[in-house]
Structures are given as structure tokens and as C-alpha cells.
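No hydrogens, no waters, no symmetry mates; every other heavy atom, side chains included, goes into these values. What you see is a predicted model; the values in this text were computed from it and never measured.
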Amino acid sequence: MGKVLQEYVLGDMAARYVENEERQVGLLLYPAECPADWTLQKQAALDPLVQVKLTGDIYQGAYAPGHTLRMGESAKKLVLERQELEEDGGQIVIRTILKDSRGYSAQHCLIWKKGAPYVRMKTSYKNESDKKITLELLSSFSLQGITPYAPGDAYDRLALHRLRSRWSEEGKLESRSFEDLQLNPSWAHYGVRCERFGSIGSMPVSGYFPFAAIEDRERHVFWGAQLATPSSWQMEIYREDDNVGFSGGIADREFGHWKKDLKPGEELAAPEAIVSAAHTKSLDVFTNRLTAAGKEALEHGPECERELPIIFNEYCTTWGCPSEKNIRAILDVIRDKGFSYFVIDCGWYKEEGVPWDVSMGDYNVSKELFPHGLEQTVAAIREAGMKAGVWFEIENVGEQSKAYGNTGHLLRRDGQTLTTSRRRFWDMNDAWVQDYLDKKVIGLLKTYGFSYMKVDYNDEIGIGCDGCESLGEGLRRNMLAVYAFFEKARREVPGLVLENCASGGHRLEPGFLARSSMSSFSDAHECEEIPLIAANLHRALLPQQSQIWAVIRKTDSLKRIAYSISNTFLGRMCISGDVTELTEGQWDLITRGMAFYKKLASVIRNGQSYIYNDSVTYLHHPEGWQAVVRVGESGEAFALFHVFDGALPERIAVPLPEGCPAVIADVYSDTEETAVVEDGMICYAPKENRKAAAFYFRGQ
């Protein structure tokens with residue numbers, strides 16, 4: 001794999017750059033406490049630091065075409081020009097500049113903030129020649145040398161972890177061995193093995209989250225990455241020999257219908273990657289290293305978000321038909337109960353007889369629902385002690401809206417207006433559209449004094465749109481303009497709390513998360529599987545950004561209410577439902593749960609989660625149990641148990657994690673529940689199925 005070019009210690013990680021005789025450069029990231037063993041017997045060619053493919057260049061052979069564009073002529077022609085180290089206060093930047101003799105260059109940046117358990121990687125490619133070139137692949141990151149702790153092909157010790165995603169089933173963990181994925185090299189070390197996967201379209205968390213981790217199960221070392229991207233992306237595990245390459249970036253021409261022209265002097269930057277390596281037996285500990293990167297953006301977020309305030313959203317109360325009358329009735333009930341935000345969800349704009357989900361786009365306040373406009377309703381929300389929020393679906397227009405016919409400003413594919421069964425899509429790079437949304441969206445926020453905006457997105461562009469040299473590039477540019485609109489809204493409305501939603505959780509990627517205060521975790525609002533989905537998402541985003549709904553119905557038993565309220569302890573509490581029709585006993589249990597949530601807030605905000613379950617396989621009809629233990633940073637923790645259907649366990653025992661206090665200071669459930677700590681385990685004996693119990697731990 002070459003000789004050592006340079007090695008840098010970055011906290012508890014080490015980055016080793018190597019070069020071969022051709023001066024190609026590769027990168028291995030590994031835990032500093034587990035030095036890579038370069039004396040191991042391996043047949044391993046160098047895997048380049050930047051994976052790129054230009055049209056017209058030679059493809060990798062060995063049956064690669066159609067499966068991967070990695071390791072072709074374009075990547076191998078990039079050779080080292082120089083490497084630069086820059087230290088600025090608490091940050092280290094390592095720039096590796098690579099040159100192609102034909103007049104092209106690539107720059108790979110590794111950025112480490114002192115104390116961080118992750119690095120950020122950025123890659124750009126520049127055309128310094130005198131003729132146009134066309135890219136069809138560009139990686140954000142590329143690691144090699146996995147695993148440096150075993151000779152040969154590391155048979156029966158490597159596993160790939162991914163998070164699968166479907167609507168209302170987000171974040172399901174998939175762990176598979178390299179053997180199962182046919183990622184071991186052949187007997188002849190010939191024939192490319194590649195697992196290329198990702199998501200295509202404008203919902204970057206559809207199919208998979210932009211995350212992957214590789215585990216050496218014997219050495220207990222993980223390598224993993226997240227991509228910050230609003231559009232089509234891919235990751236690849238690649239090998240021909242004993243070396244394993246791991247890369248990701250823009251979905252390429254074969255996978256994502258993407259190619260990009262660069263004129264002389266032009267440069268393209270791939271999406272940012274968050275990358276880490278760690279020595280641990282726990283996938284949960286490892287993923288927490290990646291999600292920790294989200295805290296950087298939150299440091300500059302709205303001050304009102306610091307204590308993780310509770311949200312009330314009226315959607316599951318009015319079902320898309322909010323009005324001045326029913327909102328006032330809700331406010332009469334929930335005032336003084338501890339809510340900080342009141343969100344007016346979809347439908348505030350709809351005309352009589354037209355459903356909310358086919359009329360978005362015009363955004364004129366409904367005169368039937370709000371005969372006095374929104375002024376008095378917003379004033380009533382404020383008078384009740386809450387900040388007012390409002391729902392928009394900014395990028396889409398419904399088939400019953402006037403905007404639907406404004407085809408000159410909507411996205412097109414193959415020359416035709418891009419249309420799904422109910423929606424069309426604004427061209428977000430169109431200056432007219434930008435001006436229109438400035439007035440309709442940002443203007444409305446300013447006019448009525450909204451300080452919270454829920455941004456929904458309920459359809460999918462797919463492979464891309466016209467307007468650029470490829471459909472995939474049209475999609476990429478359109479989605480970058482969406483990022484820009486989020487940023488503009490926050491600039492124009494100081495202190496704005498942004499909720500990122502896309503049919504629930506289809507945009508839970510680092511880029512959207514960095515531009516918003518929180519995100520909808522899922523659309524599984526009233527389902528038994530909520531705690532399973534909510535716990536899964538701890539591996540993808542910070543719990544303090546994961547908004548979880550407790551929808552309370554007047555027919556709910558106290559056991560069901562406690563179950564629903566307990567779910568929200570896994571993230572940000574949002575309540576909806578039949579709140580104007582609940583009994584005093586039901587409200588008492590809810591308000592006790594809200595007080596318990598506030599007690600847990602510091603642990604939700606800063607902590608480490610450990611997820612245990614009884615091999616629950618089918619989310620929508622779960623059987624068994626789940627326990628989540630979250631350990632805070634200030635001597636506090638909580639354990640949350642959910643028991644589903646199936647045989648009732650006599651006792652559930654899960655390990656007491658390192659740093660977890662052993663004293664139970666408070667309990668939340670609908671009945672008196674107890675847990676004990678013994679022999680290093682937290683033990684709970686459930687008495688019923690479909691039951692939740694939460695235990696708050698505090699040091700003595």
C-alpha cells in the first residue's frame with residue numbers, strides 16, 4: 001500500500017497518509033491507541049485518496065463497469081504535489097494537493113477541531129487546462145487499509161453496518177458480514193468486488209441514511225462516515241485484493257445520472273463528509289462520535305432552544321383544518337401547562353372544500369378559517385405564553401393551487417413539467433421563484449411575527465431535472481438552493497426556530513440538520529413502533545434534534561398515555577391530539593410526564609445512548625422489548641423500557657454502562673414501577689405488555 005508520507009495524531013485518532021512509487025496518495029484513519037500493523041502479510045495495492053472519473057478516461061477493468069467508477073485512469077493520474085498543515089487556534093487543517101499532468105488538480109482537506117471525536121473531509125476538483133472536461137464521479141472521502149490488524153483478506157471478521165429507511169420505518173439497523181456481501185477477494189485477486197449503495201432524489205434518507213460503518217469484529221475497531229448532502233449520494237466498499245477501500249460522495253453517472261462539466265478555471269466541491277475511527281465494542285458509542293458533529297451548528301442556534309422546550313402541534317388535533325376558533329379552544333386548555341411553542345400546521349391557507357395536501361403553493365391565509373387574518377390568532381398564542389409557529393411546504397405546489405399552472409417557473413424533465421400524482425416542484429434557482437418565496441414565506445413570518453417554521457416536503461423529484469448537463473446535476477443544484485433558502489430565512493428572521501420535516505424523517509442528514517433546530521423523527525405518530533424508530537435514530541442524529549410526537553386520544557387508557565409520553569424522552573417532546581377532551585386524570589399523567597422530560601433534558605442534550613432489544617424484527621407488529629440507557633455528562637442518566645407484544649419476560653436486565661449512576665431518583669409510568677441495580681445490571685420486571693417505564697438515575 002506504499003510508504004508512509006506523513007502521520008498526524010488527531011486526539012484519539014491517527015491519520016496516516018501513504019504514497020506509492022507513482023506518487024499516488026492513500027489515507028488510513030485509525031484509533032491512536034491501536035497502531036496499524038504494517039508488517040502483516042497482505043497483497044494490497046494503494047487505493048487513492050480522491051476517487052474521480054472523467055468521461056473519456058479509461059475505466060477500471062476486472063468487471064467493474066456498471067458496478068463502480070472507482071479506481072479508473074482519472075484517479076490513478078492524480079499524484080502528490082504537496083501537503084500543507086495549518087493550525088489556527090483550536091483547529092488543524094491538512095490539505096493534500098494532487099495534480100494530473102493534463103492540467104487538472106484535486107484538493108483534499110481533512111479538518112480536525114481539537115477534542116472532537118471526528119474529522120471533516122472536503123474534496124474539490126479543478127480544471128486548470130485550456131479545454132472543458134466532464135466529471136462523472138467525485139468522492140467526498142476515501143479511506144483505505146481496512147483492516148490493518150489482520151493478515152491477508154481478514155476472513156470472517158469484517159462487517160458493514162448501515163441504516164435502512166422507509167417511510168415510517170426510518171433508521172433500521174442492517175449489519176452484514178463481508179462474506180454475506182461477497183466482499184472477499186477472489187482466489188486470483190482479480191475481479192472487482194464492490195457494494196455501491198445510496199439514495200437517489202430529493203429525499204436523501206430514502207432507502208438508506210447517508211451513513212456506513214465497517215467493523216473489525218475481532219479487534220473491535222470501527223471506521224465510519226456520514227455525508228452532508230441534500231440530494232443523490234452514494235457510498236462504496238471496494239476491493240480486489242487484501243486492501244479494502246471505503247468512499248462516498250455525489251451519486252455518480254451510473255448510479256445517480258450525474259455528470260458535471262468544468263470549463264477552464266472552474267472547480268467543483270463534493271459534499272462534506274464526517275468521518276471517524278474508534279476502538280470500541282459498541283456501535284452506539286461509535287455512531288455517537290459521528291453525530292457529535294451536529295453540536296457545532298447548534299452552538300450558533302436560537303437561544304430559546306437551549307433547554308429543549310416542549311412543542312404543541314395541532315395537526316393531530318385538527319387534521320389539516322386549523323382555524324382561529326379551534327386554536328383558541330386549544331389554547332384555553334393548554335396554557336400554563338409548560339408548552340413553549342404552538343405550531344399551526346398545514347391547512348391554514350386552504351380554500352373551502354379543497355384538501356390541504358393539494359392546495360399548497362399560493363399561501364393566502366384562509367378567510368373562512370381565519371376571518372380576522374392571522375394577527376389575532378398569533379396574538380392569542382403569545383398571550384398564552386408561547387411562541388407561534390407555522391407550517392410551509394416551500395418547494396412543492398399542489399395540483400389545486402394556482403401556482404401549479406405556473407409552469408415557466410417549475411422544474412422540468414425531458415422538456416416536460418416534472419409532475420407526480422399530486423404535486424409539481426418550484427425551480428429553486430429561478431430568480432422569480434426566490435422572490436416569490438421571499439414574499440410568501442419569509443414575508444409572512446415577518447408580517448405576523450412567527451418565530452418558528454416547520455418546513456415540510458412530501459414528494460420526490462427522483463433522478464433529477466433539466467437545466468444542467470445532466471439530470472443529477474440539475475437535482476444537485478436545485479437542492480443546494482434549498483439549503484440556501486433555509487439559511488436566508490434564518491438570516492432574515494433572527495432567532496427563527498426551523499423544524500426540518502420531509503414526510504417525517506426523509507431529510508435527516510447532516511446538512512439539513514445543521515440548518516435547522518430540530519427535525520421530525522418520523523410520520524409514525526400514533527404507532528406502537530415509535531420507541532423503536534426513535535431509538536434507532538440515536539445512531540443518525542442528536543436526540544435533541546429529533547422531534548418525537550405523543551398523540552393523545554380521549555379514548556386512550558392511562559397505560560397508553562404513559563407509553564406515548566415516554567416515547568418523547570428519546571428526543572424532543574411534541575404533543576398533539578384530543579387535548580380539549582381529556583379528563584383531569586389524563587392531563588395529570590401528561591403534565592407529570594412533561595415535568596419528567598424537563599428533568600431529563602440535560603441528559604437528552606448531552607449524553608451517550610446504549611440501545612438493547614429482544615431481536616425485534618417487524619417494526620409494525622413488534623414483539624419483545626427494548627431498553628435504552630442514556631448516560632449524561634453531569635452525573636445523571638435515565639433508562640427507558642418498552643415492552644411490546646409476545647411472551648411477557650419475567651425480567652429484563654441490561655448492563656449498567658460506564659459512568660451511569662446507580663441511584664434511581666424518580667420513575668415515570670402509569671403505575672408504580674420499580675427497577676434495581678445489581679451485579680452491574682439494570683433490572684426491570686414488567687407486569688404487562690405494551691407498557692413503558694422510565695427511570696431517572698442520579699449520583700448520591
Side-chain angles (χ1 to χ4, degrees), residues 307-312 334 337-339 521 526 528 530-532 534-535 538 543-544 546-553 556-577 579 582-605 607 609-612 625-632 634-644 651-652 654 656 660-677 682-699:
E307 301 304 316
L308 312 191
I310 299 172
I311 307 105
F312 183 87
I334 71 169
K337 282 190 163 54
F339 295 98
F521 89 113
E526 299 186 60
E528 192 176 354
I530 286 178
L532 293 163
H538 283 211
Q544 73 181 93
S546 184
Q547 186 184 117
I548 303 166
W549 285 38
V551 177
I552 310 300
R553 295 295 170 212
D556 282 349
S557 66
L558 294 181
K559 182 174 80 166
R560 173 64 191 188
I561 290 174
Y563 186 102
S564 298
I565 294 292
S566 295
N567 296 338
T568 70
F569 302 162
L570 294 171
R572 294 294 300 277
M573 178 181 280
C574 179
I575 290 179
S576 191
V579 293
L582 301 179
T583 66
E584 183 177 342
Q586 289 173 316
W587 264 118
D588 178 66
L589 187 58
I590 294 168
T591 53
R592 283 202 296 113
M594 293 170 69
F596 196 85
Y597 164 85
K598 291 178 180 180
K599 188 174 292 187
L600 304 183
S602 64
V603 184
I604 296 169
R605 185 171 56 249
S609 297
Y610 301 86
I611 304 168
Y612 310 95
W625 56 267
Q626 175 178 272
V628 178
V629 181
R630 187 164 176 85
V631 181
S634 56
E636 299 172 288
F638 68 85
L640 177 60
F641 292 87
H642 281 85
V643 182
F644 309 115
R651 176 174 134 159
I652 300 169
V654 299
L656 184 75
C660 183
V663 177
I664 298 175
D666 201 358
V667 181
Y668 177 75
S669 189
D670 61 300
T671 55
E672 290 188 11
E673 299 294 319
T674 59
V676 296
V677 175
I682 302 170
C683 306
Y684 168 59
K687 304 180 184 68
E688 300 176 85
N689 291 104
R690 301 194 181 192
K691 178 83 168 181
F695 301 91
Y696 169 62
F697 291 77
R698 187 175 58 201

*Asks:* What pairs with Ala550 under side chain to side chain contact (heavy atoms under 4.5 Å, CB included), at least two apart in sequence or on another chain?
*Replies:*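 By the side chain to side chain contact (heavy atoms under 4.5 Å, CB included) rule, Ala550 matches Ile552, Ser564, Ile565, Thr568, Ile575.
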
*Asks:* Heavy-atom distance under 4.5 Å between the side chains of Ile590 and Ile561, does that happen here?
*Replies:*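 Ile590 vs Ile561: side chains touch.
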
*Asks:* Is there a side-chain contact between Lys337 and Ile310, using heavy atoms and a 4.5 Å cut-off?
*Replies:*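 No, every pair of side-chain atoms sits at 4.5 Å or beyond.
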
*Asks:* Listed by chain and number, what are the side-chain hydrogen bond (donor to acceptor under 3.5 Å, both in side chains) partners of Gln626, not counting sequence neighbours?
*Replies:*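 Testing Gln626 for side-chain hydrogen bond (donor to acceptor under 3.5 Å, both in side chains), a comparison that skips the adjacent residues, returns none.
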
*Asks:* Mind checking whether Tyr610 and His538 have side chains closer than 4.5 Å, heavy atoms only?
*Replies:*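 Tyr610 vs His538: side chains apart.
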
*Asks:* Would you check if Ile652 and Pro686 make a side-chain contact, meaning some heavy-atom pair closer than 4.5 Å?
*Replies:*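 SC-SC contact between Ile652 and Pro686 confirmed.
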
*Asks:* Are Ile682 and Phe697 side-chain neighbours, meaning at least one heavy-atom pair lies under 4.5 Å?
*Replies:*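 They are in side-chain contact.
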
*Asks:* What are the two closest non-hydrogen atoms of Leu570 and Ala535, and how far apart are they?
*Replies:*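 That closest heavy-atom pairing would be CD1-N, 4.0 Å.
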
*Asks:* Which pairs pass salt bridge (Lys or Arg N to Asp or Glu O under 4.0 Å) with one or both residues in residues 661-670, sequence neighbours excluded?
*Replies:*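 Residue pairs passing salt bridge (Lys or Arg N to Asp or Glu O under 4.0 Å), neighbours aside: Lys599-Asp666, Asp670-Lys691.
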
*Asks:* side-chain hydrogen bond (donor to acceptor under 3.5 Å, both in side chains) with Tyr684: which residues, sequence neighbours excluded?
*Replies:*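 With neighbours one apart ignored, the set is Glu673.
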
*Asks:* Looking at CD of Gln547 and CG of Leu308, how far apart are the two atoms once the value is rounded to the nearest 0.5 Å?
*Replies:*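 Nearest 0.5 Å value for the CD-CG distance: 12.0 Å.
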
*Asks:* Restricting to side-chain hydrogen bond (donor to acceptor under 3.5 Å, both in side chains), what partner residues turn up for Glu526, sequence neighbours left out?
*Replies:*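 Testing Glu526 for side-chain hydrogen bond (donor to acceptor under 3.5 Å, both in side chains), a comparison that skips the adjacent residues, returns Arg553.
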
*Asks:* What is the distance from atom CD1 of Ile548 to atom CE of Met573, rounded to the nearest 0.5 Å?
*Replies:*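 Here the rounded value is 9.5 Å.
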
*Asks:* For the pair Ser669 (side chain) and Ala692 (backbone), establish whether a donor and an acceptor sit closer than 3.5 Å, ignoring hydrogens and angles.
*Replies:*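 Flag set: sc Ser669 to bb Ala692 pair under 3.5 Å.
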
*Asks:* For a quick test of reading the model, state the closest non-hydrogen atom pair linking Ser576 to Phe312 and the distance between them.
*Replies:*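 So the minimum-distance heavy-atom pair works out to CA-CE1, 4.0 Å.
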
*Asks:* Ignoring hydrogens and angles, write down the donor-acceptor pairs under 3.5 Å from the side chains of residues 636-644, residues two or more places apart or on other chains.
*Replies:*
from: Glu636; atom 1: OE1; to: Ser602; atom 2: OG; distance (Å): 2.9
from: Glu636; atom 1: OE1; to: Ser634; atom 2: OG; distance (Å): 3.3
from: Glu636; atom 1: OE2; to: Tyr696; atom 2: OH; distance (Å): 2.4
from: His642; atom 1: NE2; to: Asn567; atom 2: OD1; distance (Å): 2.8

*Asks:* Look at the side chain of Tyr668 and the backbone N and O of Leu589, then say whether any donor-acceptor pair between them is shorter than 3.5 Å.
*Replies:*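 Such a contact is found between Tyr668 side chain and Leu589 backbone.
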
*Asks:* Are side-chain heavy atoms of Pro661 and Arg698 found at a separation under 4.5 Å?
*Replies:*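 No, side chains not in contact.
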
*Asks:* Evaluate the side-chain proximity of Met594 to Phe339: yes if any heavy-atom separation is below 4.5 Å, no if none is.
*Replies:*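 In short, these two side chains touch, coming nearer than 4.5 Å.
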
*Asks:* If every non-hydrogen atom of Tyr597 is compared with every non-hydrogen atom of Gly571, which pair is closest and at what distance?
*Replies:*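 Looking at all heavy atoms of both residues, the shortest contact is CE1-O, 3.4 Å.
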
*Asks:* For Glu688, I'd like to know if atom CD has over 12 heavy atoms of other residues, nucleotides or ligands within 6.0 Å.
*Replies:*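 Yes, because the 6.0 Å sphere around CD of Glu688 holds more than 12 heavy atoms from other groups.
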
*Asks:* Is there side-chain contact between Ile530 and Trp549, with at least one heavy-atom pair below 4.5 Å?
*Replies:*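 Sidechains of Trp549 and Ile530: no contact.
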
*Asks:* Keeping Arg630 on the side-chain end and Ile604 on the backbone end, is there a donor-acceptor pair under 3.5 Å?
*Replies:*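 Yes; at least one donor-acceptor contact below 3.5 Å.
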
*Asks:* How close do Trp587 and Val579 get, heavy atom to heavy atom, and via which atoms?
*Replies:*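 Taking Trp587 first and Val579 second, the nearest heavy atoms are NE1-O, 3.3 Å.
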
*Asks:* Which heavy atom of Ala662 sits nearest to which heavy atom of Leu656, and what is that distance?
*Replies:*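 That would be CB-CD2, 4.5 Å.
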
*Asks:* Between Tyr563 (side chain only) and Glu528 (backbone N and O only), is there a donor and an acceptor less than 3.5 Å apart?
*Replies:*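 Yes; judged by distance alone, with no hydrogens or angles, the pair exists.
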
